[in-house]
Amino acid sequence: MTDTGGNKTVLALSCSPREGGNTDLMADAALEGAVVAGAVVAKVRVPDLEINPCMACHACSRTGRCVQEDDMPDLVARMLSADGIVLAAPIFSMGLASQAKVMIDRLQCCWATKYVLKRHTVPDEELREARRGLWLSAAGMKKPDVFEPSLPTVRYFFGILEVKHRERVCYYNVDERGAILEVPGALDACREAGARLVNPPEVEEGEREWLSSLS
Ligand SMILES: Cc1cc2nc3c(=O)[nH]c(=O)nc-3n(C[C@H](O)[C@H](O)[C@H](O)COP(=O)(O)O)c2cc1C
């Protein structure tokens with residue numbers, strides 16, 4: 001995202017293999033909210049990219065960079081320069097969908113930068129302090145705590161990207177493609193959260209944790 005004319009930038013990482021599915025629709029709604037709030041936005045369909053699994057070679061512990069030549073280095077650069085990051089990732093097998101997890105594993109270069117090389121992954125202090133993140137998720141089970149096992153991974157994801165202000169909008173009991181459209185207020189909640197990536201609340205409430213359901 002270049003030439004943003006001074007506007008904030010929001011990057012959405014839509015990780016579900018189901019294009020037009022629930023989390024993809026949630027990502028679109030969040031970006032709509034961000035656009036209305038004045039951001040320049042971009043959406044990446046993560047399953048469409050070539051992202052190989054981390055090989056655990058640990059070369060990044062020496063250089064801070066990954067040796068693999070696929071789509072990930074460019075994506076990392078985009079993640080590190082955005083003002084707002086949307087992680088749209090559904091629950092598969094009681095955790096994050098593997099498309100999201102492979103991408104997060106490949107952020108080992110950011111982990112190494114931060115914890116081995118002891119450098120900031122986002123060198124610009126102003127950007128670093130202001131960056132905001134939003135996790136959007138859907139899960140089929142009628143189980144309010146279905147998102148809990150994924151929370152450490154999502155916190156880790158935002159942590160190594162130096163995104164300090166985080167929020168989540170997660171809906172359980174949402175299974176069929178487009179079921180999120182039937183949840184009253186769900187996409188409006190995503191729009192509002194997307195807008196908050198651009199115009200933060202005056203009083204921070206820490207990590208917001210919202211749950212809702214069809215029932
Ligand atoms: C392989 C696979 C595994 C799934 N595992 C779970 C699960 O463990 N718990 C759950 O609540 N839903 C599970 N689901 C249902 C999805 O979370 C649900 O359909 C969600 O709405 C998908 O979001 P999407 O349309 O963005 O892909 C699974 C779906 C698939 C395809």
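Counting convention: from 1, in listed order, for ligands and their atoms alike. Keep in mind that what you see is a predicted model, and the values were worked out from it rather than measured.
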Counting non-hydrogen protein atoms only, what is the nearest one to [atom]? Give residue, atom name and distance.
atom	value
atom 5 (N) of ligand 1	Ser93 N, 2.8 Å
atom 21 (O) of ligand 1	Val174 O, 2.7 Å
atom 26 (O) of ligand 1	Thr23 OG1, 2.5 Å
atom 15 (C) of ligand 1	Asp175 OD1, 3.4 Å
atom 12 (N) of ligand 1	Gly140 N, 3.1 Å
atom 23 (O) of ligand 1	Pro90 CB, 3.4 Å

Subset of ligand 1 atoms that lie under 4.0 Å from at least one heavy atom of [X]:
X	value
Met94	7 (C), 8 (O), 9 (N)
Ala138	17 (O), 20 (C), 21 (O)
Gly21	25 (O)

NZ/NE/NH1/NH2 to OD/OE distance under 4.0 Å, Lys101 and Asp105: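 Salt bridge flag = yes for Asp105 with Lys101.
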Side-chain ion pair, Glu148 and Arg168, N-O less than 4.0 Å: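 Salt bridge flag = yes for Arg168 with Glu148.
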Answer yes or no: does an N/O atom from Asp24 fall short of 3.5 Å to an N/O atom of ligand 1?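 No, no N or O pair falls under 3.5 Å.
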Where on [X] is there a heavy atom closer than 4.0 Å to ligand 1, on the side chain, on the backbone, on both, or on neither?
X	value
Val146	side chain
Arg18	side chain
Ser16	side chain

Quick one: does Arg106's side chain have a donor or acceptor within less than 3.5 Å of a partner on Asn52's backbone?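 Yes, Arg106 side chain to Asn52 backbone: donor-acceptor pair under 3.5 Å.
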Can any side-chain N or O of Asn7 pair as donor or acceptor with the backbone N or O of Gly38 at less than 3.5 Å?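 Checking the backbone N and O of Gly38 against the side chain of Asn7, a donor-acceptor pair under 3.5 Å is found.
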Looking only at heavy atoms, which two atoms of [X] and [Y] are closest? And how far apart?
X	Y	answer
Gly133	Phe158	CA-CE2, 3.6 Å
Thr9	Ser81	OG1-O, 3.9 Å
Ala29	Leu187	CB-O, 3.6 Å

Closest to atom 28 (C) of ligand 1 (judged by heavy-atom distance), picking from Ile180, Leu25, Ile91: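 It is Ile91 that holds the nearest heavy atom.
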Closest to atom 11 (O) of ligand 1 (heavy atoms only, candidates Met141, Glu19, Gln99) is Met141
Contact between ligand 1 and Arg177 is defined here as a heavy atom of the residue under 4.0 Å from a ligand atom; is it met? no
Any side-chain heavy-atom pair of Met79 and Met103 under 4.5 Å: yes
Below 4.5 Å, heavy atoms only, C-beta onward: do Val122 and Leu161 meet side chain to side chain? no
Side chains of Asp24 and Ser14 only: does a donor on one sit below 3.5 Å from an acceptor on the other?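 Side chains of Asp24 and Ser14: pair found under 3.5 Å.
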